[in-house]
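Report on one structure; see the data block that follows.
Position 1 is the first residue of the sequence, and the numbers go up from there. In this text, all values refer to a predicted model and were calculated from it rather than measured experimentally.
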Amino acid sequence: MRETLAALEAGEIGVEEAESQLAGYATTDAGRFDAARERRRGIPEAILAEGKTPAEVAALATTALETTGRALVTRANEATAAAVASTVGDGDADAMVDRDDRTGTVVAHAADFEPPSLDAAVAVVAAGTADAPVAGEAAVVAREIGATVDRVDDVGVANLDRILDQIDRVREADAVVVAAGREGALPTVVAGLVDAPVIALPVSTGYGVGGEGVAALEGALQSCSVLTTVNVDAGFVAGAQAGLIARAVDAARAE
């Protein structure tokens, strides 16, 4: 506490960073940012853009960058992503900003930020091209936790040859996220072919009875293969779970 207060008095850190170190969070007009989440849980705090104005998201992203050296925004539309990139750039011209409008993610790193690196790999598998945005969110989160991520796209069960052609790649991973919409059969198939933990990520693609991810979710919950299931379109959760598995694998290999 004394070191933090001394740094604040000397002007080495700002009020928000001092608060985040002492309280574990930083208070802004847009809300309180959980700056201690990564230390506490091993998962970087994400800023959900849905339900917030572009200015609010940009303000929280700036606070995240100031207190942790990194900002991770999910479900950002084009206007919000542009606001974050512009505001972060104005505050730190040397910050790296990676914006992906397809996945709705924005990741910013301060110039002196050192990304974590784990000796573990996560495969993120998408059944179809329409499932790629949600799969991409999972990939971004797992990568920010430090895992090496291998994307395997468009390998749905309409033609089993597509996944069988890529299964050796998937088997090299320490954790697997499988994103699928419609009837959501792919996670069950993959879970029957690999020995790593598989996380089913139902996607709200599809229509009619069981549409909007309902059939995919129920199919994953009823799977005869051993897997874990997250909620519909919960790319952040799937990526975080895979990242936590990767952290455990990395720790075991370091022993």
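Side chain of S223 to main chain of G219: no donor-acceptor pair is present (N/O by atom type, distance under 3.5 Å, no hydrogens or angles). Of the possible donor and acceptor atoms, one in the side chain of D131 sits under 3.5 Å from a partner among the backbone N and O of G128. Counting only distance, with no hydrogens or angles, the side chain of D174 and the backbone of A120 share no donor-acceptor pair below 3.5 Å. Of the possible donor and acceptor atoms, none in the side chain of D150 sits under 3.5 Å from a partner among the backbone N and O of A123. R37 places no side-chain N or O within donor-acceptor distance of the main-chain N or O of I43, the cut-off being under 3.5 Å. Distance alone, capped at 3.5 Å, is enough to place a donor-acceptor pair between the E56 side chain and the T53 backbone. Without hydrogens or angle criteria, D94 side chain to A111 main chain gives no donor-acceptor distance under 3.5 Å.
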Problem - Evaluation steps, side chain to side chain contact (heavy atoms under 4.5 Å, CB included), between V170 and V190 - result: CA-CA 9 Å; V170 181; V190 172; 4.2 Å; yes
Practice task
Starting from the C-alpha separation in whole Å, work towards a yes-or-no answer on side chain to side chain contact (heavy atoms under 4.5 Å, CB included) for T68 and F113.
Solution key: CA-CA 8 Å; T68 68; F113 179 75; over 6 Å; no
Exercise for the section: Would you sort out whether L201 and V134 count as a side chain to side chain contact (heavy atoms under 4.5 Å, CB included), showing the intermediate values? Expected result: CA-CA 8 Å; L201 173 53; V134 177; 3.6 Å; yes
Exercise for the section: Run the numbers on V106 and D98 for side chain to side chain contact (heavy atoms under 4.5 Å, CB included), then give the verdict. Expected result: CA-CA 6 Å; V106 184; D98 184 8; over 6 Å; no
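Within 6.0 Å of the CZ atom in R41, the count of heavy atoms belonging to other residues, nucleotides or ligands does not exceed 12. Heavy-atom contacts from other residues, nucleotides or ligands closer than 6.0 Å to CG of D195 number 12 or fewer. Shown here is E212, whose CD atom has no more than 12 heavy atoms of other residues, nucleotides or ligands within 6.0 Å.
No side-chain N or O of T105 forms a donor-acceptor pair with one of D100 less than 3.5 Å apart. With no hydrogens or angles considered, no side-chain donor-acceptor pair links D90 and T87 at under 3.5 Å.
Here the closest heavy-atom approach between residue A71 and residue L65 is recorded as N-CD1, 4.1 Å. In terms of heavy-atom proximity, T188 sits nearest to S225 at O-OG, 2.9 Å. A246 and A147 make their closest contact through CB-CB, 3.9 Å (heavy atoms, listed as atom of the first residue, atom of the second, distance). Counting all heavy atoms, side chain and backbone alike, V141 lies closest to A240 at CG1-N, 3.6 Å. Contact detail for I245 and A175: the closest heavy-atom pair is CG2-CB, 3.9 Å. Across all non-hydrogen atoms, the minimal contact from A76 to A49 is CA-CB, 3.7 Å.
The side-chain hydrogen bond (donor to acceptor under 3.5 Å, both in side chains) test with R70 is passed by exactly one of E144, H109, E114: E144. Shown are V194, V189, V155; of these, the side-chain contact (heavy atoms from CB on, under 4.5 Å) with I167 is made only by V194.
Considering only heavy atoms from C-beta on, V107 stays 4.5 Å or farther from V97 through its side chain. Side-chain atoms of I199 and L227, non-hydrogen and from C-beta on, never get closer than 4.5 Å to each other. The shortest side-chain heavy-atom distance between V157 and I163 does not fall under the 4.5 Å cut-off. In this structure, the side chains of V176 and V125 come closer than 4.5 Å at one or more pairs of heavy atoms. Within the 4.5 Å cutoff, no side-chain heavy atoms of V198 are placed close to those of T228. Between L60 and K52 the shortest side-chain heavy-atom distance falls below 4.5 Å. Inter-residue side-chain proximity for L72 and E45 is flagged as unmet; no heavy-atom pair is nearer than 4.5 Å. Two residues are said to be in side-chain contact when any heavy atoms from C-beta on lie closer than 4.5 Å; T148 and L118 fail this criterion.
Here the CZ-CG distance, from R162 to D153, works out to 11.0 Å after rounding to the nearest 0.5 Å. The OG atom of S117 sits 13.5 Å away from atom CD1 of I145, with the distance rounded to the nearest 0.5 Å.
A cation-pi arrangement is absent between R75 and F236 under the rule of less than 6.0 angstrom and at most 45 degrees off the ring axis.
A salt bridge between R171 and D168 is present, with a side-chain N of the basic residue lying under 4.0 Å from a carboxylate O of the acidic one.
Hydrophobic clustering (side-chain heavy atoms under 4.5 Å, transitive across Ile, Leu, Val, Met, Phe, Trp, Tyr) groups L164 together with L186. Connection of V232 to V230 is not established within any shared hydrophobic cluster, with ILVMFWY side chains joined at heavy-atom distances below 4.5 Å, either directly or through further cluster members.
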